[in-house]
Amino acid sequence: MTLSAAEFGARQHAGGKALPEGRMVIDPESGGDLLEVSMGPHHPSTHGVFRMDVALDGERIVRLKPVFGYLHRNHEKLGEEHSYLASMPYTDRLDYICSLTNNWAYALAVEKLVGQEVPERAEYLRLIVGELTRMQNHILSVGFLIQDMGASGTPLMYGFREREKILDLFEALTGSRMMCNYMRFGGCRVDATPEWLDGVRKVVAGMPAFADEFERLLCTNEILMARTQGVGVLRPELAVSAGVTGPALRASGVNYDIRKVDRYGIYDRFDFKVPLGEHGDVYDRFMIRLLELRQSIRILEQALKDVPGGPVMDPKAKIRNFRPKPGEAYGRIEAPKGELGFYLISDGTGNPYRYRVRPPSFVNLTVLEDMCLGYSVADVVLILGSIDIVLGEVDR
Amino acid sequence: MKTVEEIKAAIEAAVPSASVEIVQNPAPSAQHSLLLKAETAVAVAKFLRDDAELALDFLSNVTGVDWPDKEITEKVKVTKMVTKTVEGTEQQVEETVEETRKRVEPGYLEVVYHLYSMTKKHGPVVFRMRTGNRADDVKLPSMTPVWRSAEYQEREVFDLYGVEFVGHPDLRRILMWEGFKDHPMRRDYVEPDDFEYEPTAHDEVLKRAQAHQAAAAAAAEGQKGAAQ
Amino acid sequence: MAVDEQLKIEMGKQGVFVTTLQELYNWGRRSSIWPMNFGLACCAIEMIATTMARYDLARFGAEVFRPSPRQADMMIISGTVTKKMAPQVVRLYNQMAEPRYVIAMGACAISGGPFKQGYNVLKGIDRYIPVDVHIPGCPPRPEALLEAFMTLQKKIDAQPLTGEARPRHLDEQAPGEFPVPEQGAHDLEPPANKSVWTVPVVIR
């Protein structure tokens, strides 16, 4: 029971008012048939502080309204109060699982704004850390999804075991496990040593074995298939209209990967496939992540063959007194969760006049209600987990 | 893909009543944008989405921008007739004087939309709309009936900037709580003062902490005066 | 009260174990601190990493994360507390049973951290509820969280069961509930709980 975009235009929110937090009430408009439940903001499966106002007919969802803002930490306002470079560490904390792709998107947007080139070696390093980030994000999101399903422990622990290996690489390169703050306008902050690259090769060489293990453990598990197949179906037309991007879009069968479309960085040099789903259900979204993990391994294997030498910063890049000429730019990349874009307006001063983040998780949540209608409360948890949101990015 | 000028021509051919302006972008990104009139914006948006050649089916990003009232000080050369005493006799003389004039350029709220095409794989096409002013004339048509992805992003613009989207199915605050009165992303927003304890203040925080201390000292002084 | 340490070792060698009621009681309390399954922001990911195989929080008897505040002994404030979230955090703290402890994990929970200029960011959770251990870092490493656990265990161990310094759950006069702030038109009301937090004097 999903609504088309046209049908949606005519639909009104019942009552127009949110539920008081943490309450359950009988919806008076339904004549006592519906139970309204406020799920969250403290709920173990909401991946943070996300809240849903759910109206239930028995166990069946008849209305679901997400409530945001519990982690609204004013990222955009702070971006306008700080200089261009000072916002770089803040971008780490947007999608705090994948700080390096956030850095990349912001660096890309500013480079578009000022017309800055990036040296070859820096492009390689960006691609390597970006794909490592994608791998650990997908491992983690699958682990959390299974955790929400009730398989407490094992898959998530396997995932974290692999993630720690990647985090060790991040720490060796940038000095921080999670908040890497690695990229600069016109390159990267520090160069990688040959030993570090060897370390990446070792981790990447071990990844296929982990992917095999993970797939053997999960993909044909009877309970997992029963819980996820045919649940939370997202039709491709609705997905496109609602601006869903990333694995959630491709699971519905729409071939749109910004790495292929925009060919930013040096993605056009490598041979990789864009996995597509067929049914658009939770199982497809879960499988897409495992398949993308394989593709990331493939990209990394090619990229690590010969990393060129040279500087990691464009020597002509302006670092001090960075004041772009008036104008605006929108730069975007394929972050692990979807299209992450930055829109910057410069008025010629050292701070951006407008600093806007286009967060993939936030826009992907637009279809949450359409995906959940008609399913049970237990399925909502799975559907939410399969969209893969991070609240730091949803609320900013 | 078509250039902005070609898109403008195509729009004006398809929607005759639409008057589209091109806003030039001098940055190297060269993402020029189209300025739409509020009255015809929905028709134009539907054309952009449904046109076979453009097929902009994917609305990626909705941004609110605040442009506050600007006080412009300019020097104007004014020619006046002045009565002067020249060689003993009074006569009317034309004289050019430089005068400093101040005028207020009214501000407005702006909403910027970034469109891409998923079928044609091109983009971005940027269009923007402007409100009449920043106080009472803040209504703009909602793009949610055309592209679903505008739903939450327009709610965010409503919450943080106070632009009212006509035709939005569920226009409520999204990030701040219900009952919150201000629009915090506006440039003239006054933030709550809770800078009473800043042991290691610097930069912006230092400025605000000092402002707080000055206000607190003045309040204490006032209380003392009242007690006496 | 206390048993002489040397005597205790001597008797232990003979197969006699001597302890005090206080030590036994505190040993039991400190060895099974169950945290609440409650994550706020970035630090929550490091908190989860701490419970996983590499850092293994289970070594401290604290691996059982309880989703319900009624069953939890400790709350890890793992991330930025916004003004929209602060009433819920206080409410959850009120719902926990004594003895209860709070770890403020990371710069944001302590003071607002990098986001402290934000209009929606609470500048430290200790404005509303008492905090036992503060861990700096953005985010703190898992080792830092383990250190916080050990600090908390030491604190519990050192608590006498009688007298002025006794824990709150043995003190009938201690406040059990903390007022939940209201969300006003511009800010939280009141901006801080005066009985928990007083403005420290900064010497300049």
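Naming: A, B, ... by sequence-line order, numbering from 1 per chain. The basis for the numbers below is simple: all heavy atoms, side chains too, and nothing from hydrogens, waters or symmetry mates.
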Given heavy-atom pairs under 4.5 angstrom as the criterion, report whether the side chain, backbone, both or neither of [X] touches chain B.
| X | answer |
| --- | --- |
| A:Glu80 | side chain |
| A:Ser346 | neither |
| A:Glu76 | both |
| A:Leu71 | neither |
| A:Leu249 | side chain |
| A:Lys112 | both |

Pick from [options]: which one has the most heavy-atom pairs with chain A under 4.5 Å?
| options | result |
| --- | --- |
| B:Arg173, B:Glu204, B:Glu156 | B:Glu156 |
| B:Tyr189, B:Trp67, B:Trp147 | B:Trp67 |
| B:Gly64, B:Ala150, B:Ala30 | B:Gly64 |

Is it the backbone or the side chain of [X] that comes under 4.5 Å from a heavy atom of chain A, or both, or neither?
| X | value |
| --- | --- |
| B:Glu110 | neither |
| B:Asn25 | side chain |
| B:Gln24 | neither |
| B:Met185 | both |
| B:Val112 | side chain |
| B:Leu160 | side chain |

* Verdict with supporting geometry, B:Lys207 and A:Glu81, salt bridge (charged side-chain N to carboxylate O under 4.0 Å, His left out) -> CA-CA 13 Å; B:Lys207 257 188 261 165; A:Glu81 284 170 6; over 6 Å; no
Nearest 0.5 Å, please: how far is [atom2] in [Y] from [atom1] in [X]?
| X | Y | atom1 | atom2 | result |
| --- | --- | --- | --- | --- |
| B:His114 | A:Glu339 | NE2 | CD | 10.0 Å |
| A:Leu365 | B:Glu151 | CG | CD | 11.0 Å |
| A:Tyr353 | B:Arg187 | OH | CZ | 4.5 Å |
| B:Ser149 | A:Phe362 | OG | CZ | 11.0 Å |
| B:Tyr116 | A:Asp262 | OH | CG | 6.0 Å |
| B:Ile174 | A:His72 | CD1 | NE2 | 10.5 Å |

Is the number of heavy atoms from other residues, nucleotides or ligands within 6.0 Å of [atom1] ([X]) greater than 12?
| X | atom1 | value |
| --- | --- | --- |
| B:Glu6 | CD | yes |
| B:Lys2 | NZ | yes |
| B:Glu12 | CD | yes |

* For chain B, the option from A:Val261, A:Leu113, A:Val254, A:Val240 that forms the most heavy-atom pairs under 4.5 Å ->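 Answer, by heavy-atom pair count under 4.5 Å with chain B: A:Val240.
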Using modelled atom types and a 3.5 Å cut-off, is there a donor and acceptor pairing between side-chain atoms of [X] and backbone atoms of [Y]?
| X | Y | result |
| --- | --- | --- |
| A:Lys77 | B:Arg186 | yes |
| B:Ser29 | A:Tyr330 | no |
| B:Arg148 | A:Thr366 | yes |
| A:Arg354 | B:Asp66 | no |

What's the shortest heavy-atom distance between [X] and [Y], and which atoms?
| X | Y | answer |
| --- | --- | --- |
| B:Ala27 | A:Gly327 | CB-CA, 3.9 Å |
| A:Val244 | B:Met118 | O-CE, 3.7 Å |
| B:Pro28 | A:Gly115 | CG-N, 3.6 Å |

* Asked: Is there side-chain contact between B:Lys121 and A:Lys260, with at least one heavy-atom pair below 4.5 Å?
  ->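 No, too far: nothing below the 4.5 Å cut-off.
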* Asked: Between B:Tyr152 and A:Phe68, is the ring centre distance below 6.0 Å?
  ->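 Under 6.0 Å, so yes.
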* List the steps and the verdict of side-chain contact (heavy atoms from CB on, under 4.5 Å) for A:Lys65 and B:Asp170. => CA-CA 10 Å; A:Lys65 291 287 168 195; B:Asp170 182 18; 4.1 Å; yes
